[in-house]
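Along the sequence shown, residues are numbered consecutively beginning with 1.
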Amino acid sequence: MKNFFTYFSGTIYSVKQCLLTWKKPKLYPILTFIISFLMLLAPIQFSFVTVPIDTVVKQIPNIEIVLDTVVEDLYDNNIEVVIKEGKLESTQDYQNFVDNFMVYIGKDLEKYPEINEANSQQTDNLLVIGENKFYARYYDRENNELSSLSGNYKRVGHFDFKDILECEDEDRFHLVVGGFLKAIYLSNSSYNLITWSLIIEIFNLIYVLMFGFLLLYINRKGNRDYKLTYGQSFLTLMASLSLPSFIATMIGMISFRWFTITYIILILIRLMRLSFAQLSRNSSFNQLEIEEDPDDFELKF
């Protein structure tokens, strides 16, 4: 393992170490590829968990006012609505038009077909609190923008909607309602993480497989005495992902909006440096002058 960590740390700061991949056990670049991928998941998950309550609440304008009015109406009509163990329990279904929102609460929501329509006949704004799922939609006609918030109650825990009425001030009210909505938002974090994981993995594979041909071509046309196989070319590119992943992860933990563009730019820079090393007349990049590793390998396909 010591040899691997020496190799891995070397690929972060040294292009030459990436080029040495063809002399290393093929497990080294594969592990580097996996570790680089796992590093990228940290800022993605961190961005979901640390999203401010205000950001979640502002996704659906006036949602706090609507919930406050609805809860008062529930109380006046002696309707109890509680969330326990990830499910909503209500003594009676509820339907009302509140502040330009069509609101539905209850278990038997299948009897309201307009819930599943893209645009309600009465309003574009919708609030659905069902037995297992929550869905809110707001359509800004002036700017032609649609925003929504959906999820389940797995992260909500125990929540009695009448607790909203007991809030003594606006700050407490904002914290209670915002906390509920953020729990809904976080219920999708696993799905979003899987989606991001697939996007990153597909991007990485395209980079490795497609530019493997480019690196192979440059190696054959360049000033290197050694000649790579295609397999060695894409394993070299696997190793080259360590630096972009490391820096993009650090930046993504600070500001997630720069995460994707930073990763793409750094990958392209690493590719250009690898290509330059193959074309350069600098003899320090000629790996045949370096004593070969006894665990060298060939991957020919």
Pairing donors with acceptors under 3.5 angstrom, does anything connect the side chains of [X] and [Y]?
X: N192; Y: Y185; answer: no
X: S240; Y: Y207; answer: yes
X: N77; Y: Y94; answer: no
X: T11; Y: Y28; answer: no

Subject >> Gap between atom CE of M210 and atom CG of L237 - 0.5 Å precision >> reply: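 Output value for this atom pair is 10.5 Å.
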
Subject >> Gap between atom CD1 of I200 and atom OG1 of T260 - 0.5 Å precision >> reply: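 Reported to 0.5 Å precision, the distance equals 7.5 Å.
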
Check whether any side-chain N or O of [X] sits under 3.5 Å from a backbone N or O of [Y] as a donor-acceptor pair, and report yes or no.
X: S245; Y: S242; answer: no
X: N132; Y: N152; answer: no
X: Y153; Y: K133; answer: yes
X: T249; Y: M39; answer: yes
X: R155; Y: L186; answer: yes

Aromatic ring proximity [X]/[Y], centre distance under 6.0 Å:
X: F211; Y: F213; result: no
X: F259; Y: F256; result: yes
X: Y230; Y: F234; result: yes

Original post:
Which word best sums up how the rings of F134 and F180 line up, parallel for under 30°, tilted for 30 to 60°, or perpendicular for over 60°?
Top reply: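 F134 vs F180 ring planes: perpendicular.
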
Original post:
Which word best sums up how the rings of Y7 and F4 line up, parallel for under 30°, tilted for 30 to 60°, or perpendicular for over 60°?
Top reply: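 Answer is tilted, since the angle falls between 30° and 60°.
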
Original post:
What closest approach, in Å, do G151 and S187 show between heavy atoms, and which atom pair accounts for it?
Top reply: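 Nearest pair, atom of G151 first, then S187: CA-OG, 3.3 Å.
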
Original post:
Which residue pairs satisfy the side-chain hydrogen bond (donor to acceptor under 3.5 Å, both in side chains) criterion with at least one member in residues 55-65, sequence neighbours excluded?
Top reply: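 Those involving residues 55-65 are E64-H174.
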
Please list every donor-acceptor pair under 3.5 Å in which a side-chain atom of residues 40-52 meets a protein atom from a residue at least two apart or in another chain.
residue, atom, partner, partner atom, Å
S47, OG, P43, O, 3.4
S47, OG, I44, O, 2.6
T50, OG1, F46, O, 2.6

